[in-house]
Engineer: 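Got a structure for you, written out below as structure tokens; questions coming shortly.
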Amino acid sequence: MEKTIKKVTGAEAVVLSLLEEGVEKVFGYPGGAIMPVYDEFYKYRDQIKHILVRHEQGATHAAQGEARVKNRTGVAIATSGPGATNLITGIADAQIDSTPMVCITGQVPSHLLGTDAFQETDIIGISSPVVKWSFQVTKAEEIPWAIAKAFYIANSGRPGPVLIDITKDAQFSEFDFEYKKCEFVRSYNPIVEVSLDQVKDAAQAINSAKKPMMIVGHGVLLGDAQKEVLKIAEKAKIPVANTWLGASAFPAQHELFKGMVGMHGSYAPNLLTNECDVLIAVGMRFDDRVTGDLSRYASQAKVVHFELDFSEIDKNVKADYPVLGNCKESLTALDPMIIESDGRDEWFARWNELEKQEDEIVVQPDVNPTEGPIRMAEVVRRLSEITEGQAIIVTDVGQHQMITARYYQFMDTNTNVTSGGLGTMGFGLPAAIGAKVARPEKEVVAIIGDGGFQMTLQELGVIMQEKIPVKILILNNEFLGMVRQWQQLFFDKRYAETVIESPSFVKLADAYGIKGKSISERGDLMGALTEMIDSKESFLLEVMVEKEGNVFPMVPSGASVAECRLK
């Protein structure tokens, strides 16, 4: 059956193209150069929902939140000039965290390009380093092709953001609209065929290991390979740790799960990275926060690296056994080649020994303190218990983020939304909005510090206007906590500009029609958390926590993972 071809404006073609890609919701902010498209959103408001953010950066983070919990491409829209440039932080965040996102910006009429017209900015040039692809549309008939290509590139291979910039005259011009989904781009080869020879070599290395260790990263979630990872780990009795972006890829209460690797990761997986004989990395990129000093990272181990992106192989850590391709496919091929293990008693005894040390020195004092101010760790652990590890947890950036990584026990997959590679303060609140819009049936809790919250708190207006029942948990230590920790440990407690005063967050929430409560006593904690979770509406809970609390374990910058400190 042939598709109907009809004459439409470029602006209407934008909306029709989004509908062809199955887009149900977009996040954005109108302006002069994108106004024709917004006029079409008004006409198609029964078919596609536009959510008005309060700042364009919020649109990108909300689109990221939606993309991360649904494994689909998020959409953010802005006008030209400052509207477009305000998207850049979110675009860069999506790029480094491999989040699929299509950004559409308006642009001045094509005859004014290069004249420094009002609100003209070269957004293609500005965004080029942080997108997978970008394109400026100057003719209406280019719009369906450009948007189809944008969605294909954004969500194929290693996902990422793309940007389409559309001149205003292209939005007004008419043409015969026909939409064809993009399934191929010349010179772009996102699908890598898995090599059985590489899989066999990897299997041989794993089967011969006496002290294997597996690290799962974000690629496991992007590739939907959680079940395959679990099956192989159980079959071969392999201890499993995750990167921060890999959290929720492996059930936190499983006996094989050993915590997080990296700067504030768990003690055992950090130390034993430098004691294992085979290190199996699945869908992770060996970034500096995971490896510490590369010259002293896992030099004793044979490295098996399952990775989709060829550029990540040998980039930081030399892979003895690289396996290119989608990790779901490669692990499926690996499974029948893995020999079932009857246990690795001595190896697991070593893990247990180090876990016991961390539990006594760090975990128990953190999550079960008997005196002093409330600690971030006990708040997060109590939240984990109340929600049974099933909530979608969205974090901002800072100490609270690392505490969440350590103490929230993720038991459901695709439930961790955070800014990993870029570390964007202000990410948490708008990303939580996007996550809740995408998964309304799930409890969504944004855990945010008092500093990061004040970077995008204007997005409370979205919660108010759209009546989105997001739960907001502010852990307030009256400091920019992560910077303060480094100042304490490495700058002789010179707390330069890290003391931060805040408004009454409860009064602020009330101004936006959001229920709120602030507590500072341990005896009120469980009741307040329960009240927040039980609320059918949005709820802001501020918990005043220990001012100078630190996050341990910690691998100091430039140190080896084997030099992980417990205190």
Engineer: Does the Thr291 side chain pair with the main chain of Leu294, one donor and one acceptor, at a distance under 3.5 Å?
Structural biologist: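 Not at all, since once roles are kept as given, no pair shorter than 3.5 Å links the two residues.
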Engineer: Are any side-chain N or O atoms of Gln300 and backbone N or O atoms of Cys276, one a donor and one an acceptor, separated by less than 3.5 Å?
Structural biologist: yes
Engineer: Going by heavy atoms in the side chains, are His305 and Ile313 under 4.5 Å from each other?
Structural biologist: yes
Engineer: Determine the interplanar angle of the Phe250 and His254 rings, folded into 0 to 90°, and report it as parallel if under 30°, tilted if 30 to 60°, perpendicular if over 60°.
Structural biologist: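 Plane angle over 60°, so perpendicular.
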Engineer: Angle between ring planes, Phe177 versus Tyr179, binned at 30° and 60°: parallel, tilted or perpendicular?
Structural biologist: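 Phe177 vs Tyr179 ring planes: parallel.
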Engineer: Are the side chain of Asn270 and the backbone of Val561 linked by a donor-acceptor contact shorter than 3.5 Å?
Structural biologist: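 No; zero donor-acceptor contacts below 3.5 Å.
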Engineer: Give the minimum heavy-atom separation between Val278 and Ala301, together with the two atoms involved.
Structural biologist: N-CB, 4.4 Å
Engineer: Side-chain donor-acceptor pair under 3.5 Å between Tyr408 and Thr395, yes or no?
Structural biologist: no
Engineer: Looking only at non-hydrogen atoms, find the nearest pair between Ser419 and Thr424 and report the distance.
Structural biologist: OG-N, 2.8 Å
Engineer: CD of Gln107 to CG of Asp122: how many Å apart, nearest 0.5 Å?
Structural biologist: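 Spacing of CD (Gln107) from CG (Asp122) equals 8.0 Å.
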Engineer: Output, in order, the C-alpha distance, side-chain angles, deciding distance and verdict of ring-ring contact (aromatic ring centres under 6.0 Å, His included) for Phe135 and Trp145.
Structural biologist: CA-CA 11 Å; Phe135 183 76; Trp145 166 84; 5.0 Å; yes
Engineer: Below 4.0 angstrom, N of the basic side chain to O of the carboxylate: do Glu228 and Lys328 qualify?
Structural biologist: yes
Engineer: If only side-chain N and O atoms count, and only distance matters, is there a donor-acceptor pair under 3.5 Å linking Glu21 with Thr73?
Structural biologist: no
Engineer: Any side-chain to backbone donor/acceptor pair from Ser299 onto Arg296? Under 3.5 Å, distance only.
Structural biologist: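 Checked: no pair found.
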Engineer: Rounded to the nearest 0.5 Å, what separates atom CD1 in Ile164 from atom CD1 in Ile123?
Structural biologist: 12.5 Å
Engineer: Atom NZ in Lys302, atom CG in Asp277: separation rounded to 0.5 Å?
Structural biologist: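 If we round to the nearest 0.5 Å, Lys302:NZ and Asp277:CG are 10.5 Å apart.
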Engineer: May I ask you to decide whether Glu66 forms a salt bridge with Arg72, counting only side-chain N to carboxylate O separations under 4.0 Å?
Structural biologist: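 Yes, Glu66 and Arg72 are salt-bridged.
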Engineer: Closest approach of Gly423 and Val397, non-hydrogen atoms and distance?
Structural biologist: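 Heavy atoms of Gly423 and Val397 come nearest at C-CG2, 3.5 Å.
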Engineer: Without swapping roles, check the side chain of Glu459 against the backbone of His55 for a donor-acceptor pair under 3.5 Å.
Structural biologist: yes
Engineer: Regarding Asn86 and Gln57, is there a side-chain donor-to-acceptor distance under 3.5 Å anywhere?
Structural biologist: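 Short answer, no.
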Engineer: Could you tell me whether a side-chain N or O of Asp396 sits under 3.5 Å from a main-chain N or O of Gly449, the two making a donor and an acceptor?
Structural biologist: no
Engineer: Nearest 0.5 angstrom please: Ile468 CD1 to Ile433 CD1, how far?
Structural biologist: 5.5 Å
Engineer: Verify the distance criterion only: is there a donor paired with an acceptor across the side chains of Asp93 and Gln64 at less than 3.5 Å?
Structural biologist: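 Present: a donor and an acceptor within the cut-off.
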Engineer: State which residues pass ring pair (Phe, Tyr, Trp, His ring centres under 6.0 Å) with His400; sequence neighbours excluded, sorted by chain then number.
Structural biologist: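 His400 satisfies ring pair (Phe, Tyr, Trp, His ring centres under 6.0 Å) with no residue once adjacent residues are dropped.
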Engineer: Can Lys6 and Asp176 be counted as an ion pair, charged N to O under 4.0 angstrom?
Structural biologist: no
Engineer: Applying salt bridge (Lys or Arg N to Asp or Glu O under 4.0 Å), which residue pairs with at least one partner in residues 435-445 are found, sequence neighbours left out?
Structural biologist: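 Qualifying pairs: Asp412-Lys442, Arg439-Glu441, Glu443-Lys471.
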Engineer: Might you work through the ring-ring contact (aromatic ring centres under 6.0 Å, His included) test for Phe27 and His50, ending with a clear yes or no?
Structural biologist: CA-CA 6 Å; Phe27 303 90; His50 178 278; 8.4 Å; no
Engineer: Using 0.5 Å steps for rounding, measure from the CZ atom of Phe184 to the OG atom of Ser156.
Structural biologist: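 OG of Ser156 is found 12.0 Å from CZ of Phe184.
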Engineer: Can you give me the closest heavy-atom contact between Ile143 and Ala170, atom names plus distance?
Structural biologist: CD1-O, 4.1 Å
Engineer: Taking Thr138's backbone N and O only, do any of them form a donor-acceptor pair with Glu142's side chain (distance below 3.5 Å, no angle check)?
Structural biologist: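 Yes, the answer is positive, given that a donor and an acceptor are paired below the 3.5 Å cut-off.
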Engineer: Testing Leu331, Leu245, Val282, Leu230 one by one against Val220 for a side chain to side chain contact (heavy atoms under 4.5 Å, CB included), which residue passes?
Structural biologist: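 Option passing the side chain to side chain contact (heavy atoms under 4.5 Å, CB included) with Val220: Val282.
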Engineer: Taking all non-hydrogen atoms of both residues into account, name the closest pair between Val261 and Pro269 and its distance.
Structural biologist: CG1-CB, 3.8 Å
Engineer: Classify the side-chain pair Tyr321/Lys200 by whether it contains a donor and acceptor separated by less than 3.5 Å.
Structural biologist: no
Engineer: Would you say the side-chain atoms of Glu24 pair up with the backbone N or O of Gln47, donor to acceptor, closer than 3.5 Å?
Structural biologist: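 No, the answer is negative, given that no donor and acceptor are paired below the 3.5 Å cut-off.
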Engineer: Of all the heavy-atom pairs spanning Glu307 and Met284, show the shortest one and how long it is.
Structural biologist: OE1-O, 3.4 Å
